Structure formats: C-alpha cells, structure tokens
There are 2 protein chains.
Amino acid sequence: MELYSNYTQYLVAVDCIVFGYDIIEKELKLLLIKRSFEPMKGSWSLAGGFVEEMESLDDAASRILRTLTGLERIYLKQSFTYGEKERDPGARVISTAYCALIALRDINKEPAVNSEAHWRSIAGLPDLIFDHSLMVNKALSDLQNQIKAKPVGFELLPEKFTLVQMQELYAAIYQKQIDKRNFRKKILSMGILEKLDEKERETSKKGAYYYKFNKERYEKLEQNGFYFNLDVS
Amino acid sequence: MELYSNYTQYLVAVDCIVFGYDIIEKELKLLLIKRSFEPMKGSWSLAGGFVEEMESLDDAASRILRTLTGLERIYLKQSFTYGEKERDPGARVISTAYCALIALRDINKEPAVNSEAHWRSIAGLPDLIFDHSLMVNKALSDLQNQIKAKPVGFELLPEKFTLVQMQELYAAIYQKQIDKRNFRKKILSMGILEKLDEKERETSKKGAYYYKFNKERYEKLEQNGFYFNLDVS
DNA sequence: CCAAAAGTGTTCGAATTACACCCATGA
DNA sequence: TCATGGGTGTAATTCGAACACTTTTGG
C-alpha cells in the first residue's frame, strides 16, 4: 500500500558543477557538456542526470560525476535545489546542484572524460541551458566564501604543491593579487602543511619546496576550536 | 508530449524549520507539529507538506508557513535537500528544508497558530520523525554561522529592541556570555542602528533606549564593500 | 655571470580583548 | 534611599597590511 496518495510526483535530477583548477594556466575551469538530447540539444549544459530508484541524491551525484570524469573519491558537496515551475521546458523537474572540486594537472590527461565534455575557463563562459548559469554563479560565490574558512582549496591542488602554486590558486579564485610574505606567514602559522624534502624544478632554477596538506593534523586542531582562516590581502 | 520518459518520479516535499526567539524567556525556540497522519502519527515533526503543481519550492515553503503560523513576509531561506532512499518509510520523498526566523513577543499571542503546533525550547528538543533532527541540527549550525556575518539577527527581534535585548539574543544563540561594552561598541560602530527617543521601561526603572535596524543604510554600506561582522567575545 | 623565481622580517596602525564604576529611577 | 539594571572608557595586546632585498642555480 502506498501512503501519501493524491500528491503529484515529479522528476528529480542532479546537476554537477565541476570546478577544476588548472595549475599550469593558473585558472579555474568549469566542466561543460554539449547536450545530446532534446530539449536544447546541442547547447552547453552542466553535467546532469535523473535520480534513480536505488540511489540517494548524493549517490546520484557521485554516479554522474564518475560517468563523466571517471573520478571517484573527490570532494562533492550539495549546493542548492532549484525548483521553479518552468525551469525545464521539457517537464517539471526539481534539480539539486552539487559542486565538485578537481585538481587538473594536465587537462588532456584527465581520465576518461566523455568526449562531449569540455573544460572552459570561468572567465568567459558561454550561455548555459535553463537555470544552469544561476547554479554556476551561486556555486562560485559559495566557493569563494568557503575557501576562506575551510581547507577546501587543497581539493583543487595536487597532493604535492608549492606555496607559490597555492597562492596562485587563491589569487585566481579571489581575482586579486596576494602578498607573498603575508600569505606564507599565515598559511604556515596554521601548522597544517607538511614540508617535503622534494623540490618542484620545472618553473624555476632554484626550485620550490613541495608541501602537502596534513588532514589529520587539521582535524585535530579543528576539534580543539581552531578555525581555518585565509582572508588575504 | 512528455519528454524524459522512462524516469521515475518522486514525491517532493518541503519542511520548515521555524526558529522563534522569545525575548522574554531569552531563548531560541523551534516550532514543532504533532503529526496528524500516518506513518508516525502522533510524533513530533517539523512543519512540512508536499509541493503542489502550481507552485515553486519557495512558494510551497511560504504557503506551508502561512498555513501554520498565519505569517507572511518573514525571513525564509532554503537550507538543504534530503534525499536518502529510506528517509520516509511511507514512500520515497525528496524533501527540501527551509529555515524561517520569527520574533516571538508573546507566544500565546502569535497569530493563528495551528493548535497542533507548539514552540519548544532548542535546549531539550524531543525526538523528531525521520531525519528531522538532522535538519534542525544543520539549520541551527548554519544559523550560528550566518548570524555572525549577516544581519539576520534582526529577523528574530521585534522592530524596536534595546541593545541589551540584542545582546541577549546573541548570547542565547552562541550559548556564551558576551561583554556588554565590547558588544555595544562593535554594533554601534557599524552605523546601521537608529536610536529612538523611546525607552523600554518594563525591565528596569532607568529604562533602556530602543533602537531599530536601518536596512537602507546597511544595504548602502554593503554595496561599498562593508561587511557585517559580529564575532563577539 | 646573470636572469628568474624562491624565500625571508620588520614596522605601523587598527582591531580586539579585558576590565569596573557611575547613572537614573521607581518603589 | 537603595536596589536594579543601563550605560560608559581606557590600556594592553594581538592581528593584519605594507613593504624590498637576498638566495639559489641552470643556462
């Protein structure tokens, strides 16, 4: 027996806002798909799909991301749910947006990306279908706020990164210049980075030391009332 | 013709987390409903309902709130969407939680509250149905974060309030004592409060001046890069 | 040896904290 | 007149911002 009869049911979808940071071009990018079905076939769209019966919303987001990028265990977070009546002209669809963060070392080497998927620089995005531009704007503004107060920036960087690279990431997201000395002082004083013996030698002769994020240390500090804070000049 | 055939549809609901600040008892309260239908009839629940065909999610939240409290034009904000497979044993329901803030002057005078609705102190809530306790915890933690950085606290206070009352609100939400002089200095220095000539004379012989929030002034400041910040000792 | 990028400290002003007494008034 | 809650200032410290030179090394 089914309870709650007499209420209308709707299609429920998930749309993934996949941000990738390109450490080479020092640019934040967004994964877009050329839509392969009607309505709006051929237009740019976020990676989305409908929620299936045997999965939760979170599961659906993971599945769609895996299908599109081949990646698993990546940072994935619910953003916002869009439920305007006419948002999708094909049918009434309620869609929950998820935000994913990926470190792009070399875009062409990204595993198994669907050929209809393309990385586009955040600066100068094309028009997107439905309310997808809205979704992106909200997610980006949330990312800008979140990256100040939570260590999510590390999700956009490779395992090993230099302080220069980390600073470039913050500069790209905030769209402003950052003072090198103040930035280093601040991030190092938090005590959540581990300096490695290895140096990155591709961009300079002197070479820059690699660091990695010490997640265990961060979590221990957080429990003791420590707040990550990286509001920078 | 219907596009997107072959995908399962689901019930879509809205649950309202209605916080009310009781200026007399100096306590944050939550509006709970004794559920009147199966499953879980008789248990405590948030104010919820299903989304109807002619309304958006936001519209549904407003409608449910109006039906339950008789109030309109109150602060209402989407919180989070809950979509676990088995979250509602009656059927698969995807539910978007909304958070509302209300100033309670005198609970018994609140307009037209459904007789199955009750205000309960945040300290010592009963068990709630489904994942409603989760919803409340998340919304409360978001409120604690938000009230530091946005002037949402004023939604929990009456139009006219004293600085003592405002401080008591912050103390109730942060669950800690706040230094009177530092608090007053900080909030007054923002320049977004308007001092009235009138005094509140019920709680003291001397009387405390009423203030009100100057929203226009706040919005002008915000456009010029001003940030509301009320992290207090 | 030199160009190019990495790395490093100090000073100054602003903001935050801690803290204790006087004021006004109704009963 | 006195008990009650409202209202006020200052000193010490911490934090954030601005700022320029030295180091390393491959070519």
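Since this is a predicted model, take the numbers as computed values, not measurements. As a basis for the values below, the full set of heavy atoms in this structure was taken, side chains included, without hydrogen atoms, waters or symmetry mates. Chain letters run A, B, ... following the sequence lines, proteins first, then strands; residues in each count from 1.
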(request) Grab the NZ-C1' distance between A:K180 and D:dG16 for me, whole Å please. (result) 19 Å

(request) Kindly indicate, with the supporting measurements, whether the criterion ring pair (Phe, Tyr, Trp, His ring centres under 6.0 Å) is fulfilled by A:Y82 and A:F80. (result) CA-CA 7 Å; A:Y82 296 81; A:F80 197 79; 5.2 Å; yes

(request) For B:Q167 and D:dG7, give me the distance from atom CD to atom P, rounded to whole Å. (result) 11 Å

(request) Go through D:dT10, D:dA17, D:dT8 for me and flag the one nearest to the B:K185 side chain. (result) D:dT10

(message) Please give me the minimum heavy-atom distance between A:L46 and A:M135, naming the atom from each residue.
(response) CD1-SD, 3.7 Å

(request) With sequence neighbours excluded, tell me which residues meet ring pair (Phe, Tyr, Trp, His ring centres under 6.0 Å) with B:F161. (result) B:F154

(request) Rounded to the nearest 0.5 Å, what's the gap from OG1 on A:T96 to CG on A:L57? Could you check? (result) 5.0 Å

(message) Given the ring of B:Y170, does B:K186 sit roughly above its face, with NZ or CZ under 6.0 Å from the centre of the six-membered ring and within 45° of the axis?
(response) no

(request) With the side chain counted from C-beta on, respond yes when B:Y174 and B:I147 share a heavy-atom pair under 4.5 Å apart, and no when they do not. (result) yes

(message) Using a 4.0 Å cut-off to any heavy atom of chain A, which nucleotides of DNA chain C are the first and last in contact, reading 5' to 3'?
(response) C:dA5 to C:dT10

(request) Search all heavy atoms of A:L68 against all heavy atoms of A:I33 and return the closest pair with its distance. (result) CD2-CD1, 3.2 Å

(message) Looking only at side-chain N and O atoms, does A:D59 offer a donor or acceptor that is under 3.5 Å from a partner on A:S62?
(response) no

(message) Over all strands shown, is B:K186 touching base, sugar-phosphate only, or nothing at heavy-atom distances under 4.0 angstrom?
(response) sugar-phosphate

(request) Would you mind reading off the distance between A:Q177 atom CD and D:dC19 atom P, rounded to a whole angstrom? (result) 12 Å

(request) Look at all strands and tell whether B:T162 reaches a base, only sugar-phosphate, or nothing, counting heavy atoms closer than 4.0 Å. (result) nothing

(request) Between B:E200 and A:N182, just flag the one whose closest nucleotide in DNA chain D comes earlier from the 5' side. (result) B:E200

Detail all sub-3.5 Å separations between protein N/O atoms and N/O atoms belonging to nucleotides 25-27 of chain D.
none

(message) Measuring from atom CZ of A:F213 to atom CD1 of A:I192, what distance do you get when rounded to the nearest 0.5 angstrom?
(response) 5.0 Å

(request) Please state how far atom CZ in A:F183 lies from atom C1' in D:dC19, giving the value in whole angstrom units. (result) 18 Å

(request) Starting from C1' on D:dC15, measure out to CG on A:N229 and report it in whole angstrom. (result) 11 Å

(message) Both B:R181 and A:L163 contact DNA chain C. Which one's nearest nucleotide lies toward the 5' end?
(response) A:L163

(message) Without decimals, in angstroms, what is the distance between A:D179 CG and D:dC21 C1'?
(response) 14 Å

